[in-house]
Amino acid sequence: MITPELIAKHGITPEEYEMIRGILGRDPNITELGIFSVMWSEHCSYKNSRPELKKFPTTGEGILVKAGEENAGVIDIGDGYAVAFKIESHNHPSAVEPFQGAATGVGGIIRDIFTMGARPIFLLNSLRFGDIRGDSVQARTNRRLFEGVVSGIAHYGNCIGIPTVGGEVYFDNSYNGNPLVNALCLGVLRHDQIRRGHATGAGNPVFYVGAKTGRDGLAGAAFASRDLTEESKNDRPAVQVGDPFMEKILIEACLELFAHPDAVVGVQDMGAAGLTCSTCETASRADMGIEIDLAKVPQREKGMTPYETMLSESQERMLIIVRKGREQVVRDIFAKWDLDAAEIGMVTEDGIMRVRDHGEIVAEIPAKRLADEAPIYFREASEPTPAPNFVLPQVPPVLASEALLRLLAAPSIASKRWVYEQYDHMVRVGTVVVPGSDAAVTRIPIETPEGLKYKHLASSVDCNGHYCALDPYVGGKIAVAEAARNLACSGARPLGTTDNLNFGNPHKPENFWQLRRAVEGVAEACRHFNAPVTGGNVSLYNQSPAGAIDPTPTVAMVGIIDDPAHITTQYFKGAGDEIWLVGALGEGLGGSHYAAEICGRKEGPCPVIDLAAESAVHAVVLEAIRQGLVKSAHDCSEGGLAVALAECCISGPSATVGATVE
Amino acid sequence: MKVGILQFPGSNCDQDMFHVCSQVMGLQTTYLWHKNTSLESADLIILPGGFSYGDYLRCGAIARFSPIMRSVIDHAKDGGLVLGVCNGFQILCESGLLPGALVRNQNLKFICKPISVKVCNTNSPATLLAKTDSVLTIPIAHGEGNYQADDSTLADLETGGQVVLRYCDASGTTSSISNPNGSRNNIAGICSAMGNVVGMMPHPERCSESALGCSDGLVVFESYLECFSKSAALA
Amino acid sequence: NALMKARITITPKKSILDPQGEAVKQAIHHLDMPCVQEVRVGKYIELDIDGSDLAKTQEKLETICRDLLSNPVVEDYRLDLQA
Amino acid sequence: NALMKARITITPKKSILDPQGEAVKQAIHHLDMPCVQEVRVGKYIELDIDGSDLAKTQEKLETICRDLLSNPVVEDYRLDLQA
C-alpha cells in the first residue's frame, strides 16, 4: 500500500507524486514509485542544478559528442582519432566504506568511457579529506578514510590495468565526515568507433551483459516488498563491491563486440539506478519504448523482488541493444570471455518502458517523461555573509624560512609520493611524465598511413576550496585558470574540460548561491580559454558536522602537446640556468595557505584574477617552450612563489638542486 | 627468434610486452591465449605482468592450472627459453618451474616506482649482454613481490649462481634500506638450475624506450636475442 | 606463564559480492570437483595471548575484532578463545 | 540432497615472514593489549559440497588443498570436513 510516509521516504514530494499520477493516469505501484524516486533523484536528474549547468559552453569545432548527449563527451585530437573523458564523484559511498566506495567510483567512470566505444587509457583522481594531523578521533577517522580511499583506487586501477597518472589531494576540516572522491577516466577511439546509447529499431533484442544482479546498494532503498525485518535488513549490503577483474574482461568483450558495428545498435552502462536508468534512457534518447522481463535477468541471489532487481546497483553490468538476427555474435563473444549475456527484452514503438516479471506487468511508464522530464527547481539563492579580511599581523608570527618549512610540511602541499606510488602509473607503457609534475603527459599510439605515430596528451585536475569558500565566482575562474596553467607549463594547449561540482544542500539559499556563482565563474573561464565542457557530475548534500563543505567545483582539463620536444616538467634541470618569473605577483594574502597554516585564519579576500593577463602568460610560456628556451616551468599555486621555487628544486627524480633569487 | 606472449584474462602487461618485442625489437611476436595448448612454435615464451586470474587466493594460484601452462612446462623441460615478469614470475613459482614463492610486500602496500637492481650473473639468457655488478634502473609495480624460500633452497640458489638480479641502491650496495618489499637476500630475479627459465619482479618492458625516460630494460631483450642466435648457431 | 589461544574467522557478509569465492569455485570445478556448490573466502587470524583471565580477554578481543580486525560494514566475525 | 561442509584454514609457515601478522600485532599493541605475543594472519575457506561420501570427498579435498588452495612452500593447511 502506498502511504504518504512511504512516498516521503522515497524522497518524492507531494507535488512530484501528483506529477507521477498525471503521467501514469493512475496511482503508481511500489516498483514504479521506486523507479521514479531513483530517476528523479538529484544524482540522476540534476533537478536542482540543471538550470545552472546550461551556462557551461559545450560547443566548439572539435566537439564530436556534446555534454549531456551521451555517457561522456568526445573531442577530436586529429588524424581521425578522438578522446572521450569525464569526471564523476563517489563521495557518499566512500564515507560509508572508503575502500569499496572509492573502488566502485573508479569502476563506474571507466564504464562510462568504454560504453562510448573508447579504449580506456588513463585515470586521474581528486581527493579531499578532513585534516589528518594530530590524535583526535576526527583526525584518526580522516586517516582511516584517506588510507581506505587510496588503497581502494589502487586496487581497482592496478587490477584492471589502467594507469592512474595524476590528480590532487587536499586536506581541510570542512570535509570532515564527508570526503570527496572524484575520479576521471580518459579513453581513445577513432571517429568511426563512437557508440551511442540509443535503443533504435523496434523488435531489436535488448541484452544484459556482465556481472549477476544482487541486492547491492539497496540499503538506501526505503522499501522492501517483504516487511523490512531485522533479518532481511542485513541481507541488504550497504555497499556495492567492485570486481575489477570482471570489468577488465567486460571491457575486452565489449570492445571486441563494438568491432561489429552491424551487430550493435546501442550501448549503455548500468551506473546509478542500474537497470532502471539504462533501459529508460536508451529508449528515451531514441524516442522508442523498451520491454524487459526480470525473470531473464541473471541474478546472484534468490527471491529478489521486481523493486530490488530494478533498483539494484550491482557493479560491472552493461545494457546492449543488438540488431535483430545478430544475437549469436553477442553470445559467442561473451562466451569466449566467460561472461553472462542474457536476452532480457526488446525495443518497442510505443515509447513505454514496460517491465514484466515472469510475464506479469510490474511497471509501465512513458520512457521520455521518466528520463527527461524530471521536475526542474529554480532554488532560491542568497549571498552568505563574506568571511572577514585577513590582516597581515605587524610582526610575522614566525621567520620566513620556518614558515616555508611548515608550508611544505602541510599535507595539502607536501609531496604526494606516498599516494601515487600505490597506483600503477606506468602500465600501458604510455606515461611520459609520471606523477609529481604540474600535469601528467601520456603518449597515445595511433595508426597512420605512415605507420605507428604518437599523440601526446597532458591532463590536470585542480580546485582551491579556500578561494571558492571566499568567492565561488572568482574561485571557479581560478580553478579553470590553474588547470590551464598546469597544461601550459607542460607545453600543452587546452582541448576540453570536465567538472565535478561538489556542494552542500541546495535547499539552503547560501549553498545554492555558491553553486550558481561557481558555475558562472567556471563557464566564463572555459569560454575564455576555449576549453568547452564535455560533461561532468554534480554531487550535492555534502555536509560536514559543522555545515556545508567548502564549495568545490573540481575542474579537470585535457590538452594536447603538438611536438614531443615541447614536453616540459616542473623541476630545475641543472646549475647555471636562469630563473624567470612570468606575470606579476599578487599583493594580499587573503585565502592563502600562509594565512590558514601559519596564522590559523581562513580569511579573505579571495585573490583577483585577470583572465586576459592569465592567457597572455600562458601564450608567452608556450612560445618560449616552442622556441626551445625552456628547461622547466612551474606554476605558483598553494604556498605561492616560495613553495613553487622549493618544489622546482626538490621534485626532480635524481639529485636536488638549489636556487638563489633576488 | 619467435616470441610467444601468454594472455590470461587478467593480464595487463601483455600488450606492453608485445609492443616492446614487436615494435622496439622488431621480433616476430604472437599472443598465446591461456585456454589453448599450442605455443605456435615460439622460441621465447613470456609470462607477462598483471593479475592473471584476478589474483584470488594467491597471485598466479589459479593461472598455473590453465591449459597453456602444461605446454610451457614441457617447453621449459626441453630447455626452451621462458621469461616470467612480475605476475609471470609468481606463476612460474606456483607451477614449480622456479623455487620459492612471492608473498605480500613487507609494508603491505602496492609499490610502483623505478628501482635500482644489480646484475649478479651474466650467463643467464636475460643478462648475457649486461656487465656483472652493473646497476640498472628498472620500474617495479607489485603488491606481492616479497621473495621467500626456506634456507636450503636459498643456499642452493646462491651457490648455484641462480640469483640474476638483486635490489640495491644507486651505487650498487644491497642492504635492507634498498630492499623495497622484504625479499630474502634482496632477490629481485632468479633463474632455474638449467638457466633457461628466468623470473624477475622488475618490468624491463617499461623502460626499453628513452621516450619513457629510461632504456635500461632493453639489455634484457637484447640478451635473449643474443642467447637465441648463439644457441641456434650451435644446433 | 599461562597462554591463551584465540582463533578468529572473518567472512564476507552473506549477500556481499565475494568475487574471490566465485573465482575459487570456478577453479575447483576445473579440477573436476563439480559437487562444490558454494565457496566463501575470508581471513583467519590466530593470536597467542599471555595470561589466563578468559572473561576479560574475551571482552577485550570482541572490541578489537569489531574495530580493527573486521569491517562490520562488509564482514562478520567469529571468535573462539581457549586457555 | 545431503550437504557436506568443509572448513579449511591456511596459515603462513612459522619460518616464513608474515608481514600481515606483524602489522596486526603492532596495531593490537596500540589498542593497549600488549599481552598479545604472536599473530598469524591466514585464509579461511568454507565449502558447501553436495553428496555424503565423506572419505572420497576428504581425499579429493586434500589434493585440492595442496595444489590450489595453499602453497606448500610458504603455507600449512588444516582441513575439517563434516556432513
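Every chain is numbered from 1 and lettered A, B, ... according to where its sequence line falls, protein lines coming before strand lines. Just so it is clear, the model here is predicted, and its values are computed rather than measured.
- When heavy atoms are compared at a cutoff of 4.5 Å, Asp32(C) approaches chain D by way of both its backbone and its side chain.
- In this structure the side chain of Thr63(C) never reaches within 4.5 angstrom of the side chain of Leu31(D), judged on heavy atoms.
- For chain C, the nearby part of Lys5(D) is the side chain; its heavy atoms alone come within less than 4.5 Å.
- Between Leu54(C) and Ala83(C), the closest heavy-atom pair is CD2-N, 4.2 Å.
- Between Val74(C) and Lys13(C) the shortest side-chain heavy-atom distance does not fall below 4.5 Å.
- Within the 4.5 angstrom heavy-atom criterion, only side-chain atoms of Thr11(D), from C-beta onward, approach chain C.
- Surrounding CD of Glu59(D) are at most 12 heavy atoms belonging to other residues, nucleotides or ligands under 6.0 Å away.
- With a 4.5 Å cut-off on non-hydrogen atoms, Leu68(D) touches chain C through its side chain but not through its backbone.
- Heavy atoms of Leu69(D) lying under 4.5 Å from chain C belong exclusively to its side chain.
- Using a 4.5 Å cut-off between heavy atoms, Ile64(D) touches chain C through its side chain atoms alone.
- The shortest side-chain heavy-atom distance between Leu47(C) and Met4(C) does not fall under the 4.5 Å cut-off.
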